[in-house]
Amino acid sequence: MTDNKYYTVTLSKIPANLTELQAMPEGALKEPQYTAALTVAALSVYPKDKDACFEMLTYLSGPRGLSVMDKQFIADRFRDKDYVPRSYFVGATPDNNYEPSEPLTIKFFENPYARDNIDEGYLTLQVQSGGADSPRQIRLRTKPSTGEWFLWEQFILSDIRPPKAADPWA
């Protein structure tokens, strides 16, 4: 078994729209961890502007795009849980209502199975939520002709512990 490979991405800000996302250094999508971090950032925008979120996710999904089913899944996951994407930023925990530390940092890692389908262009990165016991996955796919990495699927909107402010038992 090989050692896990780790990535740390620090974003200058959470982009408010596609233009801001594309202008960021990570917006070129040349490294898989950049696409994964921008996925978290784009999902963080959903509570304020779902159209901007979907526009960014469509870009991050590349040639595959974002289906109506993808949009419905995201909408269903956000019902009363706008804090889930923020929980992936370093320092965001239930105790501080998932307010991330500055600078905005996300840590990813590859487990021993992350590259099982790399020959077909797929890589799976793990990311830890401050409100979950086990890491969640973001699966990416490369486009060899451009060297870009695109979002293939994400499993980061699963339920987590509620923020203290929303926990009636806290």
Side-chain angles (χ1 to χ4, degrees), residues 2-50 52-62 66 74 77-78 81-112 114-115 118 121-143 146-158 160-161 163-165:
T2 60
D3 290 329
N4 292 344
K5 184 173 181 179
Y6 294 88
Y7 306 92
T8 299
V9 178
T10 301
L11 299 175
S12 58
K13 65 179 179 177
I14 299 212
N17 55 49
L18 179 59
T19 302
E20 286 185 12
L21 183 142
Q22 290 172 323
M24 297 172 75
E26 299 83 5
L29 311 181
K30 294 297 184 181
E31 299 289 338
Q33 67 272 22
Y34 293 164
T35 303
L38 291 174
T39 297
V40 173
L43 287 167
S44 298
V45 172
Y46 184 90
K48 292 178 188 163
D49 188 343
K50 71 178 183 177
C53 168
F54 289 152
E55 192 175 37
M56 289 185 276
L57 290 174
T58 298
Y59 170 74
L60 294 170
S61 298
L66 199 63
I74 291 167
R77 292 298 174 153
F78 267 99
K81 296 196 171 55
D82 68 346
Y83 51 85
V84 174
R86 291 193 318 266
S87 76
Y88 295 99
F89 289 100
V90 171
T93 66
D95 289 337
N96 67 10
N97 298 313
Y98 296 109
E99 287 304 320
S101 304
E102 296 279 339
L104 297 169
T105 303
I106 308 174
K107 295 183 178 187
F108 300 96
F109 68 93
E110 293 181 24
N111 69 14
R115 294 180 177 264
I118 198 72
Y122 298 96
L123 174 69
T124 302
L125 295 181
Q126 307 285 323
V127 60
Q128 185 65 52
S129 162
D133 294 328
S134 57
R136 308 292 165 83
Q137 298 179 346
I138 297 178
R139 192 166 193 214
L140 306 150
R141 183 174 184 184
T142 189
K143 183 176 178 184
T146 63
E148 295 167 297
W149 285 89
F150 294 103
L151 172 65
W152 188 253
E153 54 191 350
Q154 55 80 17
F155 302 98
I156 64 171
L157 294 178
S158 300
I160 59 173
R161 288 184 284 282
K164 249 193 182 152

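Note that this is a predicted model, so its numbers are computed, not measured.
Under the 30°/60° scheme for interplanar angles, the aromatic rings of Tyr122 and Trp152 are found to stand perpendicular.
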Run the side chain to side chain contact (heavy atoms under 4.5 Å, CB included) test on Gln33 and Leu125 for me, step by step, so that the C-alpha distance in whole Å, both residues' side-chain angles and the decisive distance to 0.1 Å come before the verdict.
CA-CA 8 Å; Gln33 67 272 22; Leu125 295 181; 4.2 Å; yes
Take Leu38 and Met56 through the side chain to side chain contact (heavy atoms under 4.5 Å, CB included) test and state the conclusion after the steps.
CA-CA 9 Å; Leu38 291 174; Met56 289 185 276; over 6 Å; no
Does the side chain to side chain contact (heavy atoms under 4.5 Å, CB included) test come out yes or no for Val40 and Ile138, once each step is laid out?
CA-CA 9 Å; Val40 173; Ile138 297 178; 4.2 Å; yes
side-chain hydrogen bond (donor to acceptor under 3.5 Å, both in side chains) between Glu31 and Tyr7, intermediate numbers included:
CA-CA 10 Å; Glu31 299 289 338; Tyr7 306 92; over 6 Å; no
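Between atom OG1 of residue Thr93 and atom NZ of residue Lys164 there is a gap of 8.5 Å, rounded to the nearest 0.5 Å. One finds the CZ atom of Arg141 at 13.0 Å from the CG atom of Leu123 (value rounded to the nearest 0.5 Å). From Gln126, atom CD reaches atom OG of Ser134 across 9.0 Å, with rounding to the nearest 0.5 Å. Atoms CG and CZ, on Leu18 and Phe54 in that order, are 14.5 Å from each other to the nearest 0.5 Å. Between the CD atom of Glu55 and the CG atom of Asn17 there is a distance of 7.5 Å, given to the nearest 0.5 Å. A distance of 7.5 Å separates OG1 of Thr124 from CG of Leu140, quoted to the nearest 0.5 Å.
Under a 3.5 Å cut-off, the side chain of Asn97 and the backbone N or O of Glu99 do not form any donor-acceptor pair. Side chain of Asn4 to main chain of Phe109: no donor-acceptor pair is present (N/O by atom type, distance under 3.5 Å, no hydrogens or angles).
In this structure, Trp149 has its ring center at least 6.0 angstrom away from the ring center of Tyr34.
Residue Pro85 forms a side-chain contact (heavy atoms from CB on, under 4.5 Å) with just one option from Leu157, Thr39, Val45, Ile156, and that option is Leu157.
Within 6.0 Å of NZ in Lys30 there are more than 12 heavy atoms belonging to other residues, nucleotides or ligands.
By the 4.0 Å N-to-carboxylate-O rule, Glu153 lies close enough to Arg139 to be salt-bridged with it. By the 4.0 Å N-to-carboxylate-O rule, Asp95 lies too far from Arg161 to be salt-bridged with it.
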